[in-house]
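In what follows, chains are A, B, ... by sequence order, proteins preceding strands, each numbered from 1.
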There are 2 protein chains.
Amino acid sequence: MSLTRRQQAIYDFIVEHMESTGLPPTRAQIVSHFRFASPNAAQCHLKALEKHGVIELLSGTARGIRLTTATKGRSAMSLPVIGRVSAGRPILAVEHHEAQMPIEPSHFSPKPHFLLRVDGESMIDAGICDGDLLVVHKTPEARSGQIVVARIDDEITVKQLKRTGRRVELIAHNPNYPPIRIGRDQEFAIEGLAVGVIRAFSGGQVPLR
Amino acid sequence: MSLTRRQQAIYDFIVEHMESTGLPPTRAQIVSHFRFASPNAAQCHLKALEKHGVIELLSGTARGIRLTTATKGRSAMSLPVIGRVSAGRPILAVEHHEAQMPIEPSHFSPKPHFLLRVDGESMIDAGICDGDLLVVHKTPEARSGQIVVARIDDEITVKQLKRTGRRVELIAHNPNYPPIRIGRDQEFAIEGLAVGVIRAFSGGQVPLR
DNA sequence: ATCAGCACTGTTTTTTGATACAGTAGTGCC
DNA sequence: GGCACTACTGTATCAAAAAACAGTGCTGAT
């Protein structure tokens, strides 16, 4: 059952009012915004919205309007954003922390541990662009085909993992970058598994190929 | 100048109350929580907190307590996730709300208003894949070259905007999709501007081309 | 020793705000 | 035509809530 046009307007006003002032509106504030002549107009609309289940009215309390949809499942978790990783230092070292960013952990699986700023275009065909924040689950294990954050000697890189028998390869997703084969003399470790990407377009700029 | 132990407790109670009920507490609620005998105890504490600049009191309004910006920055802003948009209904209508997700608004510019779930592969060469959440700034205006959320008649689509003189074209970024030219008889509106992308890899699955 | 500031009690006044009751007008439906 | 439903006007009442005023006792600084 969906809202009528007028009910939607009332609902939008409540949301807007809460965002701008931090408080739900009173009946009187709804009345003055919509130029109603009677507080009962607002009251009836609120009752209708409650009947539709989109808000909850707390009887007898001032501004007792609660949004039922918005209140659900917000367990924001703040993850560290890792910037340029300097050689020879562990990836989560304090000096690599660029910022802290809240994300919804339940949106990613497995559980994310940190965000890594992507440097370079080598994974562009996998939809991972320069400057993107890669959402990473910290783990030393990964299956062939997964996108991983890997360390070769002291270099951190993001590539697709490919295991052929005992040989490990890191596949770039950009025709200009050849696959990387791990030599016997190289130190290799998987730092984490890519579980998501967060990108911000800077000023309407588009990452095109 | 920092808060006293007692003032901190009052402040914590306000934050906790707002998180659990969605409303700031009244003086009476502070009184009953701290077992005060007088409403003035609460009133004086609120005045002290306001003097310290951590809250703002809206004079004469019920529950008129606002947490100042310093504390607001810590908690992420929760944006609605818009799923499949049904024809003929406004994009932000309640029935399209799929979920609510906290994000860091300052990470995106201009200010994001909602998240739109991307349907289809038409923008894959711009790094926007099927199932991605597009971070959208709601605006009816956009410049040529920007990626927009547009409505043609009753269909919502994500494309790159191209203006050539008076003609408007929507460019897909996938060689299999031709550009869309807007006819004179078609209703066209820009719903918003893409300011970012959030993607979750489902179970190590990689979006490859 | 005194004074400012904190942390309250106790009381009163005045708004603010919720909510009930009684109606009116318009629409779509069967 | 009658009924249900939306969308209001207009009035009234009472509880919830803000906020002022007048105090008390304590602590720590000058």
Establish, with yes or no, whether the OP1 or OP2 oxygen of [N] is under 4.0 angstrom from a side-chain nitrogen or oxygen of [X].
{"X": "B:H45", "N": "C:dC6", "answer": "no"}
{"X": "B:S59", "N": "D:dA18", "answer": "no"}
{"X": "A:Q43", "N": "C:dA18", "answer": "no"}
{"X": "A:R6", "N": "D:dT6", "answer": "no"}

In whole angstrom, give the distance that lies between atom [atom1] of [X] and atom [atom2] of [N].
{"X": "A:I30", "N": "D:dA7", "atom1": "CD1", "atom2": "C1'", "answer": "14 Å"}
{"X": "B:L23", "N": "C:dG17", "atom1": "CG", "atom2": "P", "answer": "13 Å"}
{"X": "A:R27", "N": "D:dT9", "atom1": "CZ", "atom2": "P", "answer": "16 Å"}
{"X": "B:L49", "N": "C:dC6", "atom1": "CG", "atom2": "C1'", "answer": "12 Å"}
{"X": "B:L46", "N": "C:dC6", "atom1": "CG", "atom2": "P", "answer": "14 Å"}
{"X": "A:Q29", "N": "C:dG17", "atom1": "CD", "atom2": "C1'", "answer": "10 Å"}
{"X": "A:L57", "N": "C:dT19", "atom1": "CG", "atom2": "P", "answer": "7 Å"}
{"X": "A:K47", "N": "D:dT6", "atom1": "NZ", "atom2": "P", "answer": "13 Å"}

Open item on the list: Assess, by modelled atom type and distance only, whether the side chains of A:R63 and A:Q29 contain a donor and an acceptor separated by less than 3.5 Å.
Closed with: yes
- [ ] Check the side chains of A:H173 and A:Q160 for a donor-acceptor pair under 3.5 angstrom, ignoring hydrogens and angles.
- [x]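 Result is yes, a qualifying pair exists.
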Task: Whichever of B:G64 and A:N40 has its nearest DNA chain D nucleotide further upstream toward 5' - done: A:N40
Under 4.0 Å between any heavy atoms, over every strand shown, what does [X] touch: base, sugar-phosphate, or nothing? Just pick one.
{"X": "B:A62", "value": "sugar-phosphate"}
{"X": "A:S38", "value": "base"}
{"X": "A:A37", "value": "sugar-phosphate"}

Can you tell me which nucleotide in [options] comes closest to the side chain of [X]?
{"X": "A:T61", "options": "D:dA19, D:dA17, C:dA7", "result": "D:dA17"}
{"X": "A:F36", "options": "D:dA18, D:dT9, C:dC8", "result": "D:dT9"}
{"X": "B:T26", "options": "C:dG17, C:dC8, D:dA17", "result": "D:dA17"}

TODO: Specify whether A:F13 and A:F34 have parallel, tilted or perpendicular ring planes, treating 30° as the upper limit for parallel and 60° as the lower limit for perpendicular.
DONE: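 Rings of A:F13 and A:F34: perpendicular, as their planes differ by over 60°.
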Task: Toward the 5' end of DNA chain C, by each residue's nearest nucleotide, B:R5 or B:P39 - done: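 In this pair, the answer is B:R5.
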- [ ] Might you work through the side chain to side chain contact (heavy atoms under 4.5 Å, CB included) test for A:R27 and A:I65, ending with a clear yes or no?
- [x] CA-CA 10 Å; A:R27 274 63 165 167; A:I65 302 170; 4.1 Å; yes
Task: Over all atoms of both residues, closest heavy-atom pair of B:A41 and B:F36 - done: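 Looking at all heavy atoms of both residues, the closest pair is CB-CD1, 3.5 Å.
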